[in-house]
Amino acid sequence: MQHFDKKIFFATNNNNKILEAKHILSNFGIAVEKTEVKKVEIQSDTLEEIVLYALKKIGKTTCPVVIEDSGLFIEKLNGFPGPYSSYVYKKIGCDGILKLLENVEERKAKFVSIVGLKKGRLIRIFKGECDGKISYKRAGEHGFGFDPIFIPENGERTFAEMSLEEKNLWSHRSKAFKALGSWIQSHKHI
Ligand code: ITT
């Protein structure tokens, strides 16, 4: 049976994010619980600003609360949809992105994840990136969002063709949550 020394409260509406974070943080002895604390989301050109604003809006908290904002940055589209990924996904989805890149050979892209931690007055930010490319067609049924069209660097399969465990070997979110996990491990008061 898994032993947890610590627990963080993750403010997100995305259950896939919870599952990915749980898998990573269990290796650090940290449990993850979903919290109803609201993530107030502004529109901004940077993920960091979105996370910092959301953390400030949480108000005073004695428990460690975590927020994450992530996005897909496509080189040929000057980083679009980036911080607008959630909105763009809802409006045009994977098919819309494939359409924008129709007949485009340069398909480099990266996923970025910014994880923010707040406890009392303390605020910390952790970043993870995953380089890759946009596929020519959708593939796979796992994961969420743009997973069916994103192929991580040096691979041939999309994130949606991988199990959660395999996606977590490469993903932007796993890198950011690993950084959070080791920071918490080395700070006894969290
Ligand atoms: P919360 O804000 O409630 O945490 P969300 O899904 O709205 O959940 P974001 O605001 O961070 O999350 O939006 C990020 C969007 O970027 C998300 O909706 C996906 O479309 C895309 N995205 C981010 N990480 C992804 C991943 O690992 N796989 C596929 N798509 C991802």
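Computation of the quantities below employed the complete heavy-atom set of this structure, encompassing side-chain atoms and omitting hydrogens, waters and symmetry-equivalent molecules. Ligands are counted one by one from 1 in listed order, and the atoms in each one are counted from 1 as well. Everything quoted here is computed from the prediction, not taken from an experiment.
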Output the list of atoms in ligand 1 that are nearer than 4.0 Å to some heavy atom of [X], sorted by atom number.
| X | value |
| --- | --- |
| His172 | 24 (N), 25 (C), 26 (C), 27 (O) |
| Glu41 | 2 (O), 10 (O) |
| Asp69 | 9 (P), 10 (O), 11 (O) |
| Lys167 | 26 (C), 27 (O), 28 (N) |
| Thr12 | 1 (P), 3 (O), 4 (O), 8 (O) |
| Lys39 | 1 (P), 2 (O), 4 (O), 10 (O), 11 (O) |

side-chain hydrogen bond (donor to acceptor under 3.5 Å, both in side chains) evaluation trace for Ser174 with Glu20: CA-CA 7 Å; Ser174 74; Glu20 291 179 15; over 6 Å; no
Which heavy atom of the protein is the closest neighbour of atom 18 (O) of ligand 1, given with residue, atom name and distance?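 Scanning the protein heavy atoms, the shortest distance from atom 18 (O) of ligand 1 goes to Ser86 CA, 3.7 Å.
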Among all protein heavy atoms in this structure, tell me which lies nearest to atom 3 (O) of ligand 1, with the distance rounded to 0.1 Å. Asn13 N, 2.8 Å
What about Phe146: any of its N or O atoms under 3.5 Å from an N or O on ligand 1? yes
Nitrogen or oxygen of Glu20 less than 3.5 angstrom from that of ligand 1: no
Applying a 4.0 Å heavy-atom criterion (strictly less than), which segment of Tyr89 is in contact with ligand 1: side chain, backbone, both, or neither?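 Tyr89 to ligand 1: side-chain contact only, backbone stays beyond 4.0 Å.
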Just by modelled atom types, is the [Y] backbone N or O under 3.5 Å from a matching donor or acceptor in the [X] side chain?
| X | Y | value |
| --- | --- | --- |
| Lys137 | Leu98 | no |
| Lys17 | Asp69 | no |
| Thr158 | Glu161 | yes |

Determine the interplanar angle of the Trp183 and His187 rings, folded into 0 to 90°, and report it as parallel if under 30°, tilted if 30 to 60°, perpendicular if over 60°.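 Geometry flag for His187 against Trp183: parallel rings.
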Between Tyr89 and Tyr84, does the ring centre distance come in under 6.0 Å?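 Judged by ring-centre distance (under 6.0 Å), Tyr89 and Tyr84 do not meet the cut-off.
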Between Glu129 and Lys110, is the salt bridge (Lys or Arg N to Asp or Glu O under 4.0 Å) condition met? List the steps. CA-CA 7 Å; Glu129 292 194 359; Lys110 66 176 174 182; 3.6 Å; yes
Say whether Phe144 and ligand 1 are in contact under the criterion: heavy-atom distance to a ligand atom below 4.0 Å.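 For ligand 1, residue contact (heavy atoms, under 4.0 Å) with Phe144 is present.
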Report yes or no: does a heavy atom of Asp147 sit under 4.0 Å from some atom of ligand 1?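 Yes; Asp147 lies near enough to ligand 1 that a heavy-atom distance drops under 4.0 Å.
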Please determine whether ring pair (Phe, Tyr, Trp, His ring centres under 6.0 Å) holds for the pair Phe28 and Phe4, giving the CA-CA distance in whole Å, both sets of side-chain angles, and the decisive distance to 0.1 Å. CA-CA 8 Å; Phe28 293 87; Phe4 296 111; over 10 Å; no
Run down the list Gly143, Ala11, Cys94, Ser70 and name the one with the heavy atom closest to atom 14 (C) of ligand 1. Ser70
